[in-house]
Amino acid sequence: MQSKRFCPSCGKTSGPFIRGICKECFLKEHKLLILPEKLELQQCRDCNKILLRGKLAEPSEAALKEFVKKHVRVKELVNETITVELQQRNDSEIEFRVMAKGFLESIPLLLERNVLVRVQPVQCDCCMRLKSNYHEAKVQLRGMKTEPAFNRLQELLKGLRKKDCLSAIVAVEKNKNGLDVLIGSRKAAATAVNQLKREFEAKVKTAFKLVGVDKKGKERKRVTFSVRV
Ligand SMILES: [Zn+2]
Ligand SMILES: [Zn+2]
């Protein structure tokens, strides 16, 4: 007569059994789902973007889940799928549930753990540069429609900021000729000026000024767009 199988750790006689012990005891002894209990996430206190792999990203739920997921490691399971669910959040902490499904020696397993993500407020490089009046472009608005053109310029730059974090106005100088608008990103300024040209039938003159040399020996130029509206 065949002796009945039992778990030598807890005495349980019902399976499934993995490597001689019951599933519960096996999972207690073997940590197959590996992730830190706490994770730190850097978020810019000015623009709210989060830092992922050294790059700025919108703080969407999908991006946060992706951040958690890349810290998860699953051992031994085959055909595993990992899902991350948001449990709860406040300003400084976000709790996630991590679930890994898969098979070990043909036995289906579900491994679950919670992880706490601590939000660490920082200032991103872009915001730091903008705060220190960094600008690659100057837009000189001249003419009768300076005010509406300025409002439109603000709108356009705001729209471009999602893709180009330096797309922002760092300073506005009012003088007798009109407005001088200093803008962080040269590319965003050029795009916005092109749009103003179309919408206001503006005349645009472009001038470059050498402002220095960067660390690689490349010339740094600042562009001035003179826009008559
Ligand atoms: Zn057991
Ligand atoms: Zn920022």
Side-chain angles (χ1 to χ4, degrees), residues 2-34 39-68 70 75-77 89-94 100-113 117-137 153-172 181-189 191-192 214:
Q2 207 184 4
S3 64
K4 208 170 178 197
R5 241 184 139 174
F6 72 100
C7 172
S9 296
C10 70
K12 223 172 121 180
T13 51
S14 60
F17 292 92
I18 303 169
R19 292 175 200 161
I21 55 177
C22 78
K23 183 169 113 178
E24 286 70 33
C25 288
F26 180 84
L27 290 178
K28 250 182 249 165
E29 280 176 28
H30 300 81
K31 297 274 173 257
L32 302 180
L33 178 61
I34 300 161
L39 290 169
E40 295 245 314
L41 177 72
Q42 294 191 324
Q43 182 169 36
C44 179
R45 62 172 77 89
D46 292 335
C47 66
N48 281 330
K49 286 200 174 129
I50 53 174
L51 214 65
L52 293 182
R53 287 168 236 219
K55 277 190 180 166
L56 290 173
E58 289 296 324
S60 66
E61 200 176 310
L64 292 169
K65 286 178 178 174
E66 201 48 48
F67 168 76
V68 171
K70 76 167 199 196
K75 284 205 302 197
E76 299 198 56
L77 289 198
R89 71 186 300 172
N90 58 40
D91 286 343
S92 59
E93 284 178 341
I94 315 163
K101 265 188 193 167
F103 294 87
L104 180 64
E105 293 171 0
S106 307
I107 295 157
L109 292 179
L110 170 66
L111 313 169
E112 294 179 280
R113 280 200 33 210
V117 175
R118 277 236 170 91
V119 179
Q120 193 192 352
V122 294
Q123 195 175 43
C124 77
D125 192 45
C126 264
C127 289
M128 208 160 10
R129 281 157 96 175
L130 292 173
K131 277 261 160 72
S132 63
N133 273 8
Y134 175 88
H135 60 283
E136 296 170 351
L153 178 64
Q154 270 184 311
E155 254 176 44
L156 289 165
L157 291 171
K158 209 175 157 195
L160 292 166
R161 184 134 196 224
K162 265 207 166 136
K163 280 197 178 158
D164 181 347
C165 66
L166 286 173
S167 174
I169 293 171
V170 297
V172 184
V181 186
L182 306 185
I183 295 162
S185 160
R186 181 184 354 166
K187 226 170 125 188
T191 307
D214 70 12

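Order of listing sets the numbers, starting from 1, for every ligand and every atom in it. Quick note: residue numbers are just sequence positions, from 1.
Taking a cut-off of 2.8 Å, the protein N, O or S atoms nearer than that to the Zn ion (ligand 1) are Cys7 SG, Cys10 SG, Cys22 SG, Cys25 SG. If you look at the Zn ion (ligand 2), the protein N, O or S atoms less than 2.8 Å from it are Cys44 SG, Cys47 SG, Cys124 SG, Cys127 SG.
When side chains are defined from C-beta on, Lys28 does not count as touching Ser9, because their heavy atoms never get closer than 4.5 Å. The side-chain heavy atoms of Asn48 and Gln43, taken from C-beta on, include a pair separated by under 4.5 Å. Using a 4.5 Å heavy-atom threshold, the side chains of Asp46 and Leu130 count as separate.
Salt-bridge check for Lys55 with Glu66: failed, with every basic side-chain N at 4.0 Å or more from each acidic carboxylate O.
Here Glu61 pairs with Lys65 under the side-chain hydrogen bond (donor to acceptor under 3.5 Å, both in side chains) rule; sequence neighbours left out. Contacts of Cys165 classified as disulfide bond (SG atoms under 2.5 Å apart), with partners at least two apart in sequence or in another chain: Cys126.
Separation of atoms CZ (Arg113) and CD1 (Ile34) is listed at 8.5 Å; rounding is to 0.5 Å.
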**Asked** How far apart are the C-alpha atoms of Val117 and Phe67, what are their side-chain angles, what is the distance that settles it, and do they pass the side-chain contact (heavy atoms from CB on, under 4.5 Å) test?
**Response** CA-CA 10 Å; Val117 175; Phe67 168 76; 4.0 Å; yes
**Request:** Please test Glu105 against Arg19 for side-chain contact (heavy atoms from CB on, under 4.5 Å), starting from the C-alpha separation and ending with a verdict.
**Result:** CA-CA 9 Å; Glu105 293 171 0; Arg19 292 175 200 161; 3.0 Å; yes
